[in-house]
Structure formats: structure tokens, C-alpha cells
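Have a look at the structure below before the remarks.
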Amino acid sequence: MARGKKIYEGKAKILFEGPEPGTIVQYFKDDATAFNAEKQDVIDGKGALNNRLSEYFMIGLNHIGVPTHFLKRLNMREQLVRSCEIIPLEVIVRNYAAGSMSKRLGIEEGTQLPRPIVEYCYKDDSLGDPLVSEEHIAAFGWASQQDMDDILGLALRVNDYMSGVMYGVGIKLVDFKIEIGRVYEGDFQRLVVADEISPDSCRLWDLETGQKLDKDVFRRDLGSLTDAYAEVARRLGVMPKGTGPKPTLVN
Ligand SMILES: Nc1ncnc2c1ncn2[C@@H]1O[C@H](COP(=O)(O)OP(=O)(O)O)[C@@H](O)[C@H]1O
Ligand SMILES: [Mg+2]
């Protein structure tokens with residue numbers, strides 16, 4: 001499929017104009033960045049794995065009635081999505097303490113939280129994506145109260161879906177981040193899950209051993225990132241052809 005002009009190149013993906021108005025081709029790069037791009041590397045095969053995994057999760061969400069931007073996967077590295085106006089927030093859902101929450105509040109990593117906690121960060125690399133409250137979001141007009149109600153609902157539904165899917169293959173969903181986009185349908189606007197859902201944007205720990213199967217492997221130099229992501233893909237049965245043994249589902 002012929003893709004159009006490059007629209008944007010980010011840290012992990014490139015966006016191109018899609019074949020029809022209102023569509024975008026999302027190209028998944030092999031680049032890995034962490035700590036606001038202070039740490040960088042190119043990791044062979046990461047893009048293809050994230051393309052596959054994000055497809056898998058977005059299709060599942062669409063099936064259970066959670067709207068997403070996903071239309072279809074085009075090839076190993078590209079997927080066609082609906083073009084959205086991205087709300088400038090990183091929506092984080094946490095089930096267990098880890099990462100910045102553990103640091104900020106002095107809670108040991110891995111402590112189960114009394115209930116899922118949703119946090120919002122203002123999406124701005126130059127500021128390091130700072131944590132903001134709903135007061136900031138309302139006052140600066142990043143999203144309306146109605147949007148925030150919808151975003152909370154979407155975030156919790158994605159959390160239930162992802163937690164269940166991961167639990168089914170012996171993985172604990174510690175936390176994740178999503179981005180939400182607005183799509184316009186005539187006079188109406190609707191919010192959809194956009195960007196990607198992948199081990200780049202989730203914390204995934206093996207249920208039995210606690211082994212990390214997400215971007216912390218790269219952040220904390222814990223071994224091969226592609227091996228970790230391929231393990232998640234293998235367990236889900238979405239391993240791309242030619243990158244390893246035939247998928248077997250863990251019971
Ligand atoms: N459906 C969509 N429509 C428009 N923009 C999108 C869509 N999905 C994701 N994006 C944006 O595309 C970019 C994806 O590239 P990425 O490498 O993740 O960028 P960044 O370095 O900004 O995180 C992000 O800025 C994200 O907000
Ligand atoms: Mg991104």
C-alpha cells in the first residue's frame with residue numbers, strides 16, 4: 001500500500017498520511033528510548049513485535065466494545081489507524097506500585113494497590129511529562145469534564161481487559177500508559193484509545209518468577225529486550241513468523 005507524506009517522527013514510531021482522508025499509517029521503529037530519551041538504542045525486532053502486540057490488544061479491545069483508533073495491520077512494521085486529535089495526556093493506570101509512583105510515595109515496588117489508581121501526566125517531552133491533576137487539566141482546557149469521565153471509563157476498561165488477558169498467560173499487569181484521541185463523526189466527537197499498547201507502555205511481570213517482560217529490561221539493563229517482548233508474544237500466540245519457535249499457549 002502506498003503511504004503518503006511523513007507527518008511526524010517520534011521516539012518509537014513514524015506517522016505517514018494514510019491512503020484515505022482521516023487515516024494514518026503508523027510505522028513501528030526499532031528505536032528504544034528511556035528516561036525522556038536520555039538512554040537510547042536500536043533494538044532489532046522491537047518494532048515488529050510492538051506492531052503485532054498492539055494490533056492484538058487493540059483488536060481485542062474493539063471486540064469487547066472499547067473503541068480504538070486501530071483499523072488494520074498492513075505489514076510487519078505498519079498499521080493503518082484512524083487519525084485522531086491526541087489529548088495531550090499520558091493516562092496511567094497502576095495496579096501495583098512501581099517506577100515513579102514507588103519513588104514519589106516511598107512504596108516498595110510490587111506492592112498491590114488497594115484499587116487501580118489512574119494518574120495523568122501532561123504529554124510534553126521538554127518538561128519530562130510531568131504529573132498533573134484534574135484541576136490542571138480543566139483549568140488549561142486540555143480536556144472537558146465529560147472527556148475526563150470518558151477517559152476514566154476507557155482507562156479502567158482497558159485495565160480490566162489487559163489484566164485479564166495477561167493473567168491468562170501467567171503475567172501480572174503492574175501498570176500501563178495509554179493515549180486517548182478524539183475522532184469527529186459529523187457533529188459528534190468520540191474518544192478512542194490511540195497510540196499503542198505494547199510492552200513499551202506496560203509493566204509486565206511473570207506471575208511466578210517476577211521476571212520483567214517489558215521496557216524496564218532496557219531501562220535497567222536486565223538482558224535482551226526482544227527476548228522479553230518475544231516471550232509475551234509467544235505466550236499470547238502472536239509471535240510473528242520467522243522470529244522463533246511455534247507459539248504455544250501457557251495454560
Ligand atoms: N491515531 C493517531 N492520530 C494522530 N496521532 C497519533 C495517533 N496515535 C498516536 N499518535 C501520536 O503519534 C506519535 C507516535 O509516535 P511516538 O514515537 O510514540 O511519539 P513520541 O515520541 O511523541 O511518544 C505520538 O506523538 C502519538 O501521540
Ligand atoms: Mg510515544
Side-chain angles (χ1 to χ4, degrees), residues 1-34 36-37 40-63 66-92 121 123-125 129 151 154-155 158 161-162 165 176-185 189-202 204 214-215 218 225-226 229-230 232-233 236 238-243:
M1 177 182 305
R3 59 186 187 206
K5 279 202 305 262
K6 189 196 272 196
I7 303 170
Y8 174 83
E9 176 156 2
K11 297 183 294 294
K13 300 183 288 299
I14 308 174
L15 305 184
F16 297 93
E17 281 174 357
E20 283 153 40
T23 64
I24 283 181
V25 173
Q26 232 184 358
Y27 174 98
F28 286 73
K29 304 197 286 184
D30 278 341
D31 302 43
T33 62
N36 200 19
Q40 307 193 9
D41 205 350
V42 175
I43 299 190
D44 232 15
K46 181 177 86 88
L49 281 158
N50 280 350
N51 185 27
R52 279 295 186 128
L53 285 164
S54 200
E55 171 197 22
Y56 180 83
F57 300 132
M58 296 273 182
I59 286 177
L61 286 167
N62 286 339
H63 272 300
V66 177
T68 80
H69 72 163
F70 182 83
L71 294 170
K72 68 173 178 179
R73 187 169 58 82
L74 299 171
N75 55 48
M76 288 285 281
R77 285 192 180 269
E78 294 176 324
Q79 52 181 249
L80 187 69
V81 301
R82 291 185 69 171
S83 166
C84 311
E85 196 179 288
I86 297 288
I87 294 179
L89 297 173
E90 305 220 318
V91 179
I92 299 161
C121 289
K123 198 175 145 51
D124 184 326
D125 281 341
D129 300 331
I151 290 171
L154 285 171
V158 172
Y161 168 79
M162 289 295 294
V165 166
F176 66 92
K177 167 232 124 175
I178 50 173
E179 292 182 25
I180 304 292
R182 290 178 213 283
V183 291
Y184 293 93
E185 281 157 8
Q189 67 137 27
R190 217 153 62 93
L191 299 185
V192 303
V193 178
D195 199 48
E196 72 179 276
I197 303 178
S198 75
D200 268 9
S201 54
C202 301
L204 305 169
D214 57 63
K215 205 164 90 175
F218 170 72
L225 191 74
T226 24
Y229 288 21
V232 177
L236 294 167
V238 294
M239 181 73 127
K241 276 204 195 91
T243 55

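The nearest pair of heavy atoms linking Ala194 to Gly181 is CB-N, 4.0 Å. Annotation for Asp214 and Cys202: closest pair CB-O, 3.1 Å, computed over non-hydrogen atoms. Annotation for Leu80 and Pro19: closest pair CD1-CD, 3.5 Å, computed over non-hydrogen atoms. Of all the heavy atoms in Phe28 and Ser54, the pair that sits closest is CZ-CB, 4.3 Å. Across all non-hydrogen atoms, the minimal contact from Gln79 to Phe70 is OE1-CD1, 3.4 Å. Contact between Ala12 and Asp200 at its shortest, heavy atoms only, is CB-OD2, 4.4 Å.
A 4.5 Å side-chain heavy-atom check between Lys6 and Leu15 finds every atom pair outside the cut-off. When side chains are defined from C-beta on, Ile197 counts as touching Leu61, because their heavy atoms get closer than 4.5 Å. Between Pro199 and Asn50, the closest side-chain pair of non-hydrogen atoms falls below 4.5 Å.
For Glu179, the side-chain hydrogen bond (donor to acceptor under 3.5 Å, both in side chains) partners at least two apart in sequence or on another chain are Lys123, Lys177.
Atom CG of residue Leu154 and atom CD1 of residue Ile180 lie 5.0 Å apart, to the nearest 0.5 angstrom. Once rounded to the nearest 0.5 Å, the distance linking CZ of Phe16 with CD of Glu78 reads 6.5 Å. Interatomic distance, CD1 of Ile14 versus CD of Gln26, reported as 11.0 Å (0.5 Å rounding). Taken to the nearest 0.5 Å, the CG atom of Leu71 stands 11.0 Å off from the CE atom of Met58. Once rounded to the nearest 0.5 Å, the distance linking CE of Met76 with CG of Leu49 reads 8.0 Å. Taking CD1 of Ile178 as the start and CZ of Phe57 as the end, the distance is 13.5 Å to the nearest 0.5 Å.
Without hydrogens or angle criteria, Lys72 side chain to Glu55 main chain gives no donor-acceptor distance under 3.5 Å. Judged purely by atom type and a 3.5 angstrom limit, Asp129 uses its side chain to pair as donor or acceptor with the backbone of Asp124. Remark: side-chain polar atoms of Lys46 are paired, donor with acceptor, to backbone N or O of Asp31 under 3.5 angstrom. With Lys29 contributing its side chain and Val42 its backbone, the two residues share no donor-acceptor pair below 3.5 Å.
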Check your understanding: Hey, mind stepping through His69 and Val183 against side-chain contact (heavy atoms from CB on, under 4.5 Å) and telling me if it holds?
Key -> CA-CA 9 Å; His69 72 163; Val183 291; over 6 Å; no
**Study point:** Check against side-chain contact (heavy atoms from CB on, under 4.5 Å), Phe176 and Val158
**Key:** CA-CA 10 Å; Phe176 66 92; Val158 172; 3.7 Å; yes
Check your understanding: Tyr8 and Lys13: side-chain contact (heavy atoms from CB on, under 4.5 Å), yes or no, with the steps?
Key -> CA-CA 8 Å; Tyr8 174 83; Lys13 300 183 288 299; over 6 Å; no
Exercise for review: Please test Tyr56 against Val165 for side-chain contact (heavy atoms from CB on, under 4.5 Å), starting from the C-alpha separation and ending with a verdict.
Suggested key: CA-CA 11 Å; Tyr56 180 83; Val165 166; 4.2 Å; yes
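Shown are Asp41, Asp125, Asp30, Asp195; of these, the salt bridge (charged side-chain N to carboxylate O under 4.0 Å, His left out) with Lys11 is made only by Asp125.
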